[in-house]
Asks: 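Have a look at this one.
Indexing begins at 1, ligand by ligand and atom by atom, following the structure's order. Just so it is clear, the model here is predicted, and its values are computed rather than measured.
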Amino acid sequence: MALIRLDKFISERTELSRSQIKQLAAKGDIRVNGSPAKKSDLKIDPGKDSVEVSGRSVSAQRYRYILLNKPQGYVSSTEDTDGPSVLRLVPPELRTKGLFPAGRLDKDTTGALLITDDGELAHHILSPKSHIPKIYIVKLARPFENKYVDIFKNGIKLADGDICLPARVRNCKNSDKLAFIELYEGKYHQVKRMFAAVGNHVESLMRISLGGLILPEKLGSGQCMELLHKDVENLTSEPVSDLFLPEFSDFFSAILINKLS
Ligand code: URA
């Protein structure tokens with residue numbers, strides 16, 4: 001891999017400025033392969049060399065990909081607007097300059113939200129042209145009706161005349177008010193408006209997957225995890241298993257039923 005300057009490497013992957021990095025290096029707080037690097041203009045090989053700043057290792061990945069299990073009450077924007085920003089939930093060791101939530105979950109929606117500084121990947125995941133599925137579990141106010149399957153498959157027209165792309169929906173065995181829905185786009189309040197258009201009402205909503213990446217059960221509400229290599233590839237791939245098969249959706253809904261508020 002091409003060599004790059006230590007201060008460039010660190011500043012691209014942390015919140016630190018080059019002058020802060022210079023000072024930390026002078027104090028001996030930056031280590032390369034375990035030894036203090038006194039000069040921040042040292043050249044390193046990001047593919048081979050390990051870098052630590054104040055005892056914390058700096059990931060070699062150029063961009064940061066963070067999966068947040070979003071709780072209710074946080075807004076999917078970089079600033080605190082109508083509530084605290086989801087960025088407040090990112091722990092200091094994962095923060096870099098330029099992080100933003102890739103796409104929006106409503107303030108009261110929970111579940112899988114990607115936070116990244118990679119604009120190209122975010123655009124790819126969100127664009128309907130990329131055909132990357134996003135699956136949600138929905139708690140409905142009224143029982144699921146089988147007619148929704150064909151209505152959603154044919155591309156439902158919303159109250160404002162906007163037409164949705166074809167979407168899959170299925171009822172979960174555990175409850176007649178629980179459903180799975182898969183979207184390839186992200187219109188404003190889309191799931192809520194789709195169910196409103198068939199005369200139902202969404203009481204709670206949780207996103208459980210983005211592409212082939214499923215929200216891990218161990219990731220608690222409000223927790224973040226850094227995605228590395230394979231997980232990042234999974235974001236842009238088709239799911240390995242079809243979550244809509246009854247054995248998967250019934251399994252997931254049994255776990256998730258308690259997590260839906
Ligand atoms: N659809 C909605 O209605 N809300 C979300 O947060 C996501 C999808």
Side-chain angles (χ1 to χ4, degrees), residues 66-89 100-116 122-142 144 148-149 151-153 155-172 177-211 213-215 219 221-224 235 239 243-244 249 252-253 256 259-261:
I66 297 164
L67 181 66
L68 166 69
N69 182 357
K70 180 188 170 299
Q72 284 193 337
Y74 284 79
V75 292
S76 304
S77 61
T78 51
E79 306 286 331
D80 297 344
T81 48
D82 181 29
S85 155
V86 286
L87 295 186
R88 287 183 175 270
L89 297 165
F100 63 92
R104 274 174 191 276
L105 289 181
D106 297 337
K107 192 174 171 184
D108 58 355
T109 299
T110 60
L113 181 67
L114 176 70
I115 296 178
T116 185
H123 175 75
H124 180 70
I125 289 175
L126 299 175
S127 166
K129 287 192 194 126
S130 311
H131 211 67
I132 293 179
K134 289 107 196 158
I135 299 180
Y136 298 81
I137 185 164
V138 188
K139 191 159 130 197
L140 297 167
R142 287 176 276 284
F144 183 90
Y148 301 165
V149 175
I151 298 176
F152 287 3
K153 189 167 84 185
I156 189 171
K157 194 177 196 177
L158 302 176
D160 64 356
D162 212 357
I163 295 176
C164 297
L165 290 174
R168 285 199 294 175
V169 67
R170 82 184 303 279
N171 182 214
C172 302
K177 291 185 184 163
L178 271 192
F180 268 54
I181 181 165
E182 178 184 54
L183 303 184
Y184 288 91
E185 59 185 336
K187 296 184 195 299
Y188 179 67
H189 292 334
Q190 184 161 347
V191 175
K192 292 171 186 162
R193 292 197 294 148
M194 287 170 81
F195 281 100
V198 290
N200 211 319
H201 174 75
V202 171
E203 283 192 337
S204 54
L205 184 59
M206 180 183 198
R207 185 156 67 189
I208 59 163
S209 71
L210 282 167
L213 187 80
I214 300 171
L215 185 69
L219 192 68
S221 174
Q223 286 184 339
C224 287
L235 276 174
L243 295 183
F244 271 70
S249 54
F252 280 109
S253 60
L256 294 166
K259 297 198 179 186
L260 280 169
S261 32

Asks: Could you check if a side-chain atom of L183 sits within less than 4.5 angstrom of a side-chain atom of C164, using non-hydrogen atoms only?
Replies: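 The answer is no; the side chains never approach within 4.5 Å.
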Asks: For ligand 1, note which part of V202 has a heavy atom under 4.0 Å away: side chain, backbone, both or neither.
Replies: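 The answer is neither.
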Asks: Look only at interatomic distance and state if Y136 has a nitrogen or oxygen under 3.5 Å from any nitrogen or oxygen of ligand 1.
Replies: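 There is no such contact.
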Asks: Using 4.0 Å as the upper bound for N to carboxylate O, is an ion pair formed by K187 and D162?
Replies: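 Result for this pair is yes, salt bridge flagged.
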Asks: Taking both backbone and side-chain atoms of H189, is any N or O found less than 3.5 Å from an N or O belonging to ligand 1?
Replies: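 Yes, there is a polar N/O contact under 3.5 Å.
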Asks: Tell me: protein heavy atom nearest atom 1 (N) of ligand 1, and distance?
Replies: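 Here the closest protein heavy atom is V191 N, 3.0 Å.
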Asks: With no hydrogens and no angle check, just 3.5 Å: does a side-chain donor-acceptor pair link Y148 and N200?
Replies: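 Note: Y148 and N200 side chains meet the donor-acceptor criterion.
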Asks: Answer yes or no for Y188: is there a heavy-atom contact with ligand 1 below 4.0 Å?
Replies: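 Heavy atoms of Y188 never come under 4.0 Å of ligand 1.
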Asks: Using modelled atom types and a 3.5 Å cut-off, is there a donor and acceptor pairing between side-chain atoms of S130 and backbone atoms of H124?
Replies: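 Looks like yes, one N/O pair under 3.5 Å.
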Asks: Any idea which atoms of ligand 1 are less than 4.0 Å away from a heavy-atom of T109?
Replies: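 Every atom of ligand 1 under 4.0 Å from some heavy atom of T109: 4 (N), 5 (C), 6 (O).
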Asks: Return the closest protein heavy atom for atom 4 (N) of ligand 1 as residue, atom name and distance.
Replies: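 Protein heavy atom with the smallest distance to atom 4 (N) of ligand 1: D106 OD2, 2.7 Å.
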Asks: Is it true that R207 and D106 make a salt bridge, defined as a side-chain N closer than 4.0 Å to a carboxylate O?
Replies: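 Looking at D106 together with R207, the answer is no, because their closest N to O distance does not fall below 4.0 Å.
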Asks: Return yes if some donor-acceptor pair links the side-chain N/O of K70 with the main-chain N/O of L105 below 3.5 Å, else return no.
Replies: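 No.
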